[in-house]
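Scope of the values below: all heavy atoms of this structure, side chains included, with no hydrogens, waters or symmetry mates. By convention here, the first residue in the shown sequence is residue 1. This structure is a prediction, so every number in the text was calculated from the model and none was measured.
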Amino acid sequence: MKLNQIIRDASILVMLTSCGHKAENTNNQRAPQEYPVIQLQEQDAVLESVYPVIIRGKEDIEIRPRVDGFIDAIYIDEGSIVKKGQKLFKINSPQSDQSVATAKASVTSAIAQVNTAKLNVDRIRPLAEKGIVSDVQLQSLENAYQSAVAVREQAQADLTNATETQSWTLVTSPVDGIAGRLPFRQGSLVSSSNILTTIANINKVYAYFSLNEKELMQLLTNIEGRSQADVIKHLPPITLILADGSIYPEKGKIETIAGVLDVSTGSSNFRAEFPNPHGLLRSGMSGKISIPKTLHQALVIPQKATFTRQDKTLVYKVQGDSVVQKAITALPMPGGQEYAVTEGLTKGDKIVTDGLTTLANGKKIKVQ
């Protein structure tokens with residue numbers, strides 16, 4: 001009898017202990033978890049927009065021969081630094097030489113004709129004055145003299161033109177710069193349709209890029225200036241990102257904005273200028289430019305405090321002792337760690353910054 005009583009009492013004790021543990025576990029499961037939370041404050045945020053660019057020399061001059069002929073000499077090599085007026089090529093142009101010789105002969109002949117005509121006039125004039133010969137004969141000889149003078153002047157002009165054309169056989173550089181590729185070698189037959197090389201003046205370079213209509217409006221919004229020239233003047237300095245990802249040390253400045261959108265692409269073309277004192281940038285290079293823009297009184301949040309769903313960016317906003325999903329519009333900030341919120345949140349709002357995967361809409365939390 002006592003044994004049965006002991007067994008019954010032990011069973012009751014086990015049941016009570018088990019129920020106590022279950023109640024304790026249930027209370028633990030229902031207790032709100034702690035999450036890190038930040039309260040949003042307004043601050044200035046610097047954004048950047050990045051666009052691909054093509055680099056061109058401030059002057060990219062195609063060097064073409066102005067006469068047909070064979071290349072007699074090449075005075076430079078690819079990549080040579082050249083000065084304005086420096087010799088680049090010598091063209092062997094027999095036609096030019098022949099034109100000069102012919103023009104010289106014509107000048108000699110014309111001078112002889114002028115001298116003969118002048119002798120005739122000087123010989124007849126005294127006779128005409130004495131009435132021995134008629135004035136008509138004298139006038140005829142004077143006309144012949146004037147005609148000979150005109151022929152001489154025409155021959156002299158032809159000689160000048162031929163000499164100038166012959167000077168074109170020596171090709172010189174029109175600007176300071178760096179020589180490009182040399183597709184032709186000594187002995188090659190060339191004409192004005194051939195490009196002998198390109199001389200690029202790269203003391204300063206141009207960076208060309210384009211923005212679509214929406215990007216253009218975003219860039220120009222809130223920029224001071226009534227005219228386009230004033231707007232360009234107040235645009236911020238820009239940064240050039242080279243193809244290897246490095247940052248070019250010199251800042252650039254936007255100089256021109258096309259006044260007409262390209263109807264085929266819907267974009268507006270821009271040109272920025274960068275100084276190139278050490279010759280690091282070369283014509284034909286590519287890269288990216290970064291245009292900064294400051295947002296005043298912006299709300300900055302960590303990117304890890306956001307998640308995406310159905311192409312929307314959302315956060316968990318704290319309301320009382322629970323959270324609700326809130327869709328926002330945000331722009332990435334340099335560094336890839338933060339967003340600048342433009343819509344969806346206001347100053348003083350609180351959002352959860354970590355542990356988002358364990359949250360759900362309406363879940364109760366404890367602020368850490």
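- Looking at S147, its side chain never comes within 3.5 Å of a backbone N or O of N143 through a donor-acceptor pair.
- In this structure, L281 CG and Y248 OH are separated by 4.0 Å, a value rounded to the nearest 0.5 Å.
- Nearest heavy-atom pair, A162 versus V100, reported as atom, atom and distance to 0.1 Å: O-CG2, 3.3 Å.
- Every pair tested for salt bridge (charged side-chain N to carboxylate O under 4.0 Å, His left out) that includes a residue from residues 297-309 fails, sequence neighbours excluded, so the list is empty.
- When all heavy atoms are compared, the tightest approach of P292 to P237 is CD-O, 3.4 Å.
- Taking all atoms of both residues into account, the shortest heavy-atom contact from I76 to Q86 is CG2-NE2, 3.9 Å.
- Within the 4.5 Å cutoff, the side chain of D176 has no heavy atoms near those of the V82 side chain.
- Atom NE2 of H278 has 12 or fewer heavy atoms from other residues, nucleotides or ligands within 6.0 Å.
- Checked by atom type and distance alone, the side chain of S109 never pairs as donor or acceptor with a backbone atom of A105 at under 3.5 Å.
- Note that the CG atom of D68 and the OG1 atom of T169 stand 12.5 Å from one another [nearest 0.5 Å].
- Taken from CD in E273 to CD1 in I238, the straight-line distance is 10.5 Å, to the nearest 0.5 Å.
- Under a hydrophobic-cluster definition in which Ile, Leu, Val, Met, Phe, Trp and Tyr are linked whenever side-chain heavy atoms come within less than 4.5 Å, directly or via other members, V175 and I81 are assigned to different clusters.
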Trace of the side chain to side chain contact (heavy atoms under 4.5 Å, CB included) decision for Q166 with D97: CA-CA 6 Å; Q166 188 184 46; D97 296 338; 2.8 Å; yes
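- Distance check: I289 CD1 to I241 CD1 gives 8.5 Å after rounding to the nearest 0.5 Å.
- S80 contributes atom OG, which lies 9.5 Å from atom CG of L88 (distance to the nearest 0.5 angstrom).
- Residue pairs meeting the salt bridge (charged side-chain N to carboxylate O under 4.0 Å, His left out) criterion with at least one partner in residues 69-94, sequence neighbours excluded, are E78-R185.
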Pair up each side-chain donor or acceptor in residues 121-130 with any protein partner under 3.5 Å, not counting sequence neighbours, and list the distances.
unit_1 : atom_1 : unit_2 : atom_2 : d
D122   : OD2    : K118   : NZ     : 3.1
R125   : NH2    : E142   : OE2    : 2.9

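- Under the 4.5 Å side-chain criterion, counting only non-hydrogen atoms from C-beta, I91 is in contact with I71.
- Shortest non-hydrogen contact noted between L216 and S268 is CD2-CB, 4.0 Å.
- Using a 4.5 Å cut-off on side-chain heavy atoms (C-beta onward), Q297 and K347 make no contact.
- V114 and V151 sit in two unconnected hydrophobic clusters of ILVMFWY residues. Membership requires side-chain heavy atoms under 4.5 Å apart, directly or through other members.
- Other residues, nucleotides and ligands contribute at most 12 non-hydrogen atoms within 6.0 Å of the CD atom of Q337.
- A continuous path of Ile, Leu, Val, Met, Phe, Trp and Tyr side chains, each step under 4.5 Å between heavy atoms, connects L196 with V67, placing both in one hydrophobic cluster.
- Counting only residues at least two apart or on different chains, the side-chain hydrogen bond (donor to acceptor under 3.5 Å, both in side chains) pairs with a member in residues 250-261 are T239-K251, E255-R271.
- Without hydrogens or angle criteria, S140 side chain to V136 main chain gives no donor-acceptor distance under 3.5 Å.
- Note: the hydrophobic cluster containing I202 does not contain I199 (ILVMFWY, side chain heavy atoms under 4.5 Å, direct or indirect links).
- Atom CD of Q139 sits about 9.5 Å away from atom CG of L141, to the nearest 0.5 Å.
- Between D349 and T346, the side chains place a donor N or O and an acceptor N or O closer than 3.5 Å (distance only, hydrogens not considered).
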In residues 43-51, what donor-acceptor pairs under 3.5 Å come from side-chain atoms, sequence neighbours left out?
unit_1 : atom_1 : unit_2 : atom_2 : d
D44    : OD1    : H296   : ND1    : 3.2
E48    : OE1    : S290   : OG     : 2.8

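- Taking hydrophobic clusters as Ile, Leu, Val, Met, Phe, Trp and Tyr residues chained together by side-chain heavy-atom distances below 4.5 Å, L280 shares a cluster with I55.
- A donor-acceptor contact shorter than 3.5 Å is absent between the side chain of Q137 and the backbone of S134.
- Other members of the cluster containing I351 are I38, L40, L299, I301, V315, I328, Y339, V341, L345, with ILVMFWY side chains joined at under 4.5 Å, either directly or via other members.
- Shown here are the salt bridge (charged side-chain N to carboxylate O under 4.0 Å, His left out) partners of K104, two or more places apart in sequence or in another chain: there are none.
- At least one donor-acceptor pair under 3.5 Å links the side chain of N194 to the backbone N or O of S191.
- For the residue pair T353 and A305, the shortest heavy atom distance occurs at CA-CB, 3.8 Å.
- For residues 166-213, the ring pair (Phe, Tyr, Trp, His ring centres under 6.0 Å) pairs, not counting sequence neighbours, are F209-F270.
- In this structure, E34 places its CD atom where more than 12 heavy-atom neighbours from other residues, nucleotides or ligands lie under 6.0 Å away.
- Side-chain N or O atoms of S167 include one that pairs as donor or acceptor with a backbone N or O of E164 at under 3.5 Å.
- Think of L119 as one node in a network of Ile, Leu, Val, Met, Phe, Trp and Tyr side chains linked at under 4.5 Å; it has no links at all.
- Counting heavy atoms from C-beta on, the side chains of I178 and R282 come closer than 4.5 Å.
- Pairs of residues two or more places apart, or lying in two chains, never qualify as ring pair (Phe, Tyr, Trp, His ring centres under 6.0 Å) while including a residue from residues 56-113.
- Around atom CD of E42, more than 12 heavy atoms belonging to other residues, nucleotides or ligands sit under 6.0 Å away.
- Closest non-hydrogen pair, L189 versus G69, comes out as CD1-O, 3.4 Å.
- Annotation: side chain to side chain donor-acceptor pair (under 3.5 Å) contacts of S246 (sequence neighbours excluded): D244.
- Looking only at side-chain heavy atoms (C-beta outward), L240 and L242 come within less than 4.5 Å of each other.
- L359 belongs to a hydrophobic cluster whose other members, connected by ILVMFWY side-chain contacts under 4.5 Å either directly or through intermediates, are Y35, V37, F307, L314, Y316, V318, V323, V352, L356, I365, V367.
- Using a 4.5 Å heavy-atom cutoff, the side chains of Q303 and P332 are in contact.
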